[in-house]
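Chain letters run A, B, ... following the sequence lines, proteins first, then strands; residues in each count from 1. These numbers were taken from a predicted model, which means no experiment stands behind them.
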Number of protein chains: 2
Amino acid sequence: VSASRLPGEFQIIARYFAPLAAKAPGALGLTDDAALLDVPAGCRLVVTTDAMVSGVHFLPDDPADAVAAKLLRVNLSDLAAMGAEPVGYTLVVAFSPEIDEPWLAAFARGLAADQERFGIFLLGGDTVATPGPLTLSLTAMGTVPEGRELRRRGARPGDLVCVSGTIGDGALGLKVLRRQLPNLPAHLREFLAGRYRYPTPRLGLGARLRGVASAAMDISDGLIADLAHICETSEVAAVIEAEKVPLSEAARAALALDASLFVPAVLAGGDDYELLFTVSAGAADGLEKLAAAAGLPLTVIGRIEAGRGVTAVDRNGTALDTGAGGYRHF
Amino acid sequence: VSASRLPGEFQIIARYFAPLAAKAPGALGLTDDAALLDVPAGCRLVVTTDAMVSGVHFLPDDPADAVAAKLLRVNLSDLAAMGAEPVGYTLVVAFSPEIDEPWLAAFARGLAADQERFGIFLLGGDTVATPGPLTLSLTAMGTVPEGRELRRRGARPGDLVCVSGTIGDGALGLKVLRRQLPNLPAHLREFLAGRYRYPTPRLGLGARLRGVASAAMDISDGLIADLAHICETSEVAAVIEAEKVPLSEAARAALALDASLFVPAVLAGGDDYELLFTVSAGAADGLEKLAAAAGLPLTVIGRIEAGRGVTAVDRNGTALDTGAGGYRHF
């Protein structure tokens with residue numbers, strides 16, 4: 001396999017990846033067999049990995065820096081969901097034949113910008129060629145004080161179900177990019193597309209939820225599906241009050257044009273990368289202060305009950321038909 | 001993208017991957033957003049990642065358990081080259097449409113066998129679908145006592161250049177699998193193919209080289225190319241005496257049939273995953289004891305000199321033409 005539009009592997013590493021590792025002493029300039037990472041005493045390493053395939057997880061004509069940002073941020077969002085502070089990442093790029101050097105340069109610029117934003121560094125990786133679509137995989141590493149990590153299990157009957165930010169923007173943003181919301185004003189379309197392309201990992205909130213949240217995860221597969229994961233591992237049930245789910249101005253405008261989008265985009269849509277967490281009823285009073293400290297809205301959208309499964313109810317208490325809910329990867 | 005021959009993602013994880021993570025408490029049953037790993041006080045984490053694409057790095061009809069073994073072992077070999085002890089790994093599988101459940105089951109069995117062999121566990125991962133070829137990426141993690149890690153830099157003029165095991169078997173094994181060595185006796189072909197498919201990461205040796213080797217790496221791109229990496233990062237030159245490079249019985253038989261294979265297979269061939277390291281001349285006496293302890297031959301094949309570059313000489317001291325040397329990934 002020859003990816004003739006690109007320089008050789010060693011040039012690629014020297015030109016585009018080594019600069020991303022330059023400030024991480026443990027990356028050893030990407031010239032060794034492996035990278036070194038110091039985990040502070042009293043801390044645990046937190047590791048997560050996510051892959052993206054062109055045409056499956058992003059659109060082949062998505063801007064390279066947006067692809068870089070999404071790849072990095074979905075992984076950082078997993079660290080946030082565990083209450084971890086990010087440290088660095090390793091990256092695998094399987095280059096498809098159509099990838100050229102300007103694409104690679106823009107991809108590296110996207111990584112560099114986010115490294116700055118989140119205080120992390122490239123630690124190592126591998127570059128290979130593939131005759132198939134561009135395939136990216138990233139392993140993010142962070143640290144969390146021992147025993148303080150957030151977990152999916154731990155939600156108890158009586159706990160309140162909370163979310164950060166607004167829900168549904170990710171799925172609606174994907175619709176915008178697929179030109180399925182043409183009647184929405186341009187600035188709202190842009191906002192939603194940005195939410196899909198540039199999710200914000202809630203790292204500050206995750207760290208502040210240590211010792212506060214009884215269970216936590218990030219919303220990637222969809223609100224209902226992800227809450228079902230918490231319920232399953234916590235061995236509880238949950239009821240969501242649909243009208244309490246926080247919506248952005250853009251999402252409200254999209255739903256005003258087509259109310260049928262509510263279930264698929266808001267309840268079952270994914271890619272929001274907000275945090276979904278539970279707190280004891282007694283901790284509810286602290287949420288406002290927490291929201292102010294984290295700099296983003298936190299909303300109670302339901303409660304944990306005994307039993308199994310997730311139900312969404314309307315303002316009359318009638319259960320909504322939410323279908324299977326959530327994105328299945330295949 | 002639908003990989004209809006496989007069960008759904010969550011079933012795949014529950015059926016094939018969760019059992020591989022069952023004994024690793026930090027994997028959290030693969031039901032959380034990330035995995036947790038404790039790094040003992042006084043130790044550093046060592047991280048490496050390698051990817052393999054079907055049709056590029058392995059043959060599409062290679063046995064699934066051999067693919068699993070190779071993927072895991074090339075990464076463990078990187079840990080060995082740093083003197084690290086392996087702990088666990090994360091795995092990304094991008095399933096191509098032709099992958100079916102028997103393939104996946106055999107792949108998981110291969111991982112399970114090697115987990116047992118090397119005392120490691122699956123910590124986390126991601127499974128996605130791709131319309132392209134099966135693409136695998138693995139990030140291996142290990143630990144090394146702080147400051148005792150082996151590095152590529154550190155070779156000094158006067159040091160001896162050493163290798164473990166025998167060299168050239170990997171490249172000759174690939175030729176066997178491509179049916180390019182039909183005249184070699186069957187048992188020798190089998191040996192060489194096995195060396196290609198099931199490389200042995202030299203973990204015991206790597207750990208014993210801490211404080212002994214002045215520089216080390218594993219041979220994956222080819223003896224000359226990899227020694228050039230050591231020379232470049234160490235800012236030295238190296239001279240190899242070609243006749244001293246240790247050969248297996250099978251490699252000797254292959255070279256007896258076709259002597260022209262020596263440079264491409266032995267000096268420039270890759271995939272041996274033996275350790276290439278340098279020791280001070282004073283440490284040479286200890287090599288025999290070290291070889292006995294590690295249970296594999298160690299051979300001095302040359303020396304480090306001032307300057308730059310790698311030269312291979314024949315028994316008359318005449319420089320061999322080794323070409324560019326080494327596998328370029330694209």
Separation of [Y] [atom2] from [X] [atom1] (nearest 0.5 Å):
| X | Y | atom1 | atom2 | result |
| --- | --- | --- | --- | --- |
| B:L123 | A:T48 | CG | OG1 | 11.5 Å |
| B:D126 | A:L138 | CG | CG | 11.0 Å |
| B:M141 | A:T139 | CE | OG1 | 7.0 Å |

Just jot down the side chain to side chain donor-acceptor pair (under 3.5 Å) partners of A:R151, sequence neighbours excluded, or say none.
-> B:D32
Applying a strict 4.5 Å limit to non-hydrogen atoms, the region of A:M82 in contact with chain B is side chain
Audit row: B:L28, A:R153, side chain to side chain contact (heavy atoms under 4.5 Å, CB included) steps and yes/no = CA-CA 10 Å; B:L28 312 175; A:R153 74 167 190 217; over 6 Å; no
Select one option (side chain, backbone, both, neither) describing which atoms of B:M52 are under 4.5 Å from chain A's heavy atoms.
-> neither
So, the part of B:A35 with a heavy atom under 4.5 Å from chain A: the answer is both
Measure the shortest side-chain to side-chain distance between A:H229 and B:T31 over non-hydrogen atoms and say whether it is less than 4.5 angstrom.
-> no
Does some side-chain heavy atom of B:D33 sit less than 4.5 Å from a side-chain heavy atom of A:D218?
-> yes
Taking every non-hydrogen atom, the tightest pair across A:V56 and B:A129 = CG2-O, 3.7 Å
Specify the closest pair of heavy atoms between A:V92 and B:A51, including all atoms of both residues, with the distance to one decimal.
-> CG1-CB, 3.4 Å
Given the rule in the side chain to side chain contact (heavy atoms under 4.5 Å, CB included) test, do A:L36 and B:V46 qualify, once you have shown the distances and angles that lead to the verdict?
-> CA-CA 5 Å; A:L36 299 168; B:V46 184; 3.7 Å; yes
Got more than 12 heavy atoms from elsewhere within 6.0 Å of CZ, B:R210?
-> yes
Exactly one candidate in B:T143, B:L37, B:V39 meets side-chain contact (heavy atoms from CB on, under 4.5 Å) with A:V39; the answer is B:V39
Per-residue contacts, residues 199-209 of chain A versus chain B, heavy atoms under 4.5 Å = none
Per-residue tally against chain B (heavy atom, under 4.5 Å) across A:A140, A:G26, A:G142, A:G125 peaks at A:G125
Among A:V144, A:D78, A:V53, which residue forms the greatest number of heavy-atom pairs with chain B at distances under 4.5 Å?
-> A:D78
Residue pair A:S137 / B:S137, side-chain donor-acceptor N/O under 3.5 Å = yes
Hey, are A:T90 and B:T49 close enough side-chain-wise for a donor-acceptor pair under 3.5 Å?
-> no
Most heavy-atom pairs under 4.5 angstrom with chain A, which of B:P40, B:S54, B:A34, B:A216?
-> B:A34
